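Bear in mind the structure is a predicted one, so any value in this text is a computation, not a measurement.
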Amino acid sequence: MRINIENFRNDLLNWYDEYARVLPWRSEPLPYYVWVSEIMLQQTRVEAVKPYFARFIKRLPTLKDLAEVDDDELRKLWEGLGYYNRVRNMKKCAIECMDKYNGFLPSAYEELIELPGIGSYTAGAIASIAYKEVVPAVDGNVLRVFSRLLASYDDIGKESTKKKFHTIIQEYVSKDRPDAFNQAVMEIGAMVCVPNSAPRCNICPIVSYCQAYETGKEHVLPIKEKKLKRRIEKRTIVVMVHDGKVVLRKRPQTGLLADLYEFINLEGYHTKKQLKELFNDSYTIKSIEKLPTSKHIFSHVEWHMHGYLIEVENVNDELLASITDVDERYAIPTAFKAYKDMLKHYIK
DNA sequence: AACCCGGGGTC
DNA sequence: GACCCAGGGTT
């Protein structure tokens, strides 16, 4: 069966006009708002993004504000969202736009995709939603929906499949309403043709075009290769306290959780005795006590943590943070949350 | 093409 | 425990 694309578009857009969710970044699709929301939404659910988006736009209302904001403050605005490279690239992108594009995001897909942090999906989303360019925006939702719609057995995890779908979907995008079309397909993916559970074909406005449904394969598709297993890392977290404050260290500029702040921590598990010997050279230890264990799961690694509270009489030119600083000033990854929460119990 | 990069919802 | 989310960058 060959899909009548015009009828398909109409049915999809009519459904979208009636059932689309009301989202903060949809009410006024300024390029800056669309961009910020799309970066936040990369690998992140809508509900998680909402409060971050509101706070971010309030603090940094324009692209120029973002280009000029202090890096630590910017990371604090992103604290807890994850994939912190996104916000680093956003600032780089903002500075480049101030420099090359007179303080605006460019409108063309081909220019957008050259900017830091903007790949094929995000370029398509900004170009179509903010500037009405007729171009696809192929994300995980779109891959799932079209995989079923066309009964495709291509592995949607492969880059080649994404390119193939991008080319195919170019023919589908509405010339009049590319913005609504792209968002409608994603909306179907989020609300109807859902991940992680059975597709709701009974309420799907485009089920009559769906080749997977027609052949009873909607539960088999899409095809996606399984991911590799996580490795486990043992770490020891040292909450070092002095004078009602805690020692923080800044992580390296690259790699996992780059440039964020953290408690002192060591590879592997250590005994109280080993820690005493380790820190005795640099500190005068007043007390040392064991804290509960904690576990944090990243996408590719798991931290299994042992914790100690060490109270010292001196520090050596290190960053000491009060509870207020920890809460309001320094971006600390969620991995340390268990120990961060305990802080209020030990210092005030 | 394979790997790195967070955190959380949902089954 | 496994999947996967409005992905992109690096090697």
### Message
Going 5' to 3' along DNA chain C, between which two nucleotides do contacts with chain A fall, using a heavy-atom cut-off of 4.0 Å?
### Response
C:dC3 to C:dG9

### Salt-bridge present (A:R235, A:E233; N to O < 4.0 Å)
yes

### Query
Quick one: do A:K245 and A:D325 make a salt bridge, cutoff under 4.0 Å?
no

### Query
Would you say a side-chain N or O of A:H300 is under 4.0 Å from OP1 or OP2 of B:dG6?
no

#### Entry: Electrostatic pair A:E302:A:R230 at N-O distance under 4.0 angstrom
yes

### Query
Quantified in whole Å, what is the P atom distance between nucleotide C:dT10 and nucleotide B:dG6?
14 Å

### Task
Please tell me which of A:I118 and A:V46 maps to the more 5' nucleotide of DNA chain C, matching each residue to the nucleotide holding its nearest heavy atom.
A:V46

### Query
Taking NZ, NE, NH1 and NH2 as the nitrogens, is one of them in A:K158 or A:D154 under 4.0 Å from a carboxylate oxygen of the other?
no

### Query
Would A:K64 and A:E68 pass as an ion pair if we require N to O under 4.0 Å?
yes

### Task
May I ask you to decide whether A:R9 forms a salt bridge with A:E6, counting only side-chain N to carboxylate O separations under 4.0 Å?
no

### Interatomic distance, A:D155 CG vs B:dA1 P [rounded to whole Å]
10 Å

### Query
Given atom NE2 of A:H296 and atom C1' of B:dG7, what is their separation to the nearest angstrom?
6 Å

### Query
So which one's nearest nucleotide on DNA chain C is more toward 5', A:E38 or A:L115?
A:E38

### Message
What's the gap between C:dA6 and B:dC11 when it is taken at their P atoms, as a whole Å value?
### Response
14 Å

### Summary
Separation of B:dG7 atom P from A:R230 atom CZ, nearest Å, is 13 Å

### Task
Go through the steps for A:L115 and A:I118 under the test side-chain contact (heavy atoms from CB on, under 4.5 Å), then give the verdict.
CA-CA 6 Å; A:L115 292 165; A:I118 299 183; 4.1 Å; yes

### Message
Salt bridge or not between A:K272 and A:E277? Use side-chain N to carboxylate O under 4.0 Å.
### Response
no

### Task
Hey, which sits more toward the 5' end of DNA chain B by its nearest nucleotide, A:N196 or A:S160?
A:S160

### Task
Mind running a 4.0 Å heavy-atom check of residues 66-91 of chain A against DNA chain C and sending the residues that fall below it, in number order?
A:N89

#### Entry: d(CZ, A:R231; C1', B:dC3) in whole Å
10 Å

### Message
Rounded to whole Å, please give me the gap between CE in A:M40 and C1' in B:dG7.
### Response
14 Å

### Task
Just call it for A:S37: base, sugar-phosphate, or nothing, with non-hydrogen atoms closer than 4.0 Å on any strand.
nothing

### Query
Between A:Q211 and A:R148, does any side-chain donor sit less than 3.5 Å from a side-chain acceptor?
no

### Query
Whole Å only: how far is the NE2 atom of A:H219 from the P atom of B:dC11?
15 Å

### Message
I need the NZ-P distance between A:K224 and B:dA2, as an integer number of Å.
### Response
15 Å

### Task
Look at the side chain of A:S299 against the base of B:dG6 and say whether a donor-acceptor pair falls under 3.5 Å; ignore hydrogens and angles.
yes

### Query
Given the side-chain rings of A:H296 and A:F298, with only the six-membered ring counted for Trp, is the space between their centroids under 6.0 Å?
yes

### Message
I need the CG-P distance between A:L256 and B:dC4, as an integer number of Å.
### Response
11 Å

### Message
Suppose you measure atom C1' in B:dC5 against the same atom in C:dC4; what distance do you get, rounded to whole Å?
### Response
15 Å

### Task
Please check if any side-chain donor atom of A:Y209 sits under 3.5 Å from a side-chain acceptor atom of A:N4, or the reverse.
no

### Message
Short of 4.0 Å, heavy atom to strand atom, which residues of residues 138-150 of chain A count as contacting DNA chain B?
### Response
none

### Summary
The nucleotide from B:dG8, B:dC11, B:dG6 with an atom nearest the side chain of A:S197 is B:dC11

### Query
Touch check for A:I113, heavy atoms < 4.0 angstrom, all strands: base, sugar-phosphate only, or nothing?
nothing

### Query
Taking NZ, NE, NH1 and NH2 as the nitrogens, is one of them in A:R249 or A:E318 under 4.0 Å from a carboxylate oxygen of the other?
yes

### Message
Hydrogens and angles aside, do A:Q42 and A:T122 bring a side-chain donor and acceptor to less than 3.5 Å of each other?
### Response
yes

### Task
Using the C1' atoms only, state how far B:dG8 lies from C:dG9, rounded to an integer number of Å.
23 Å

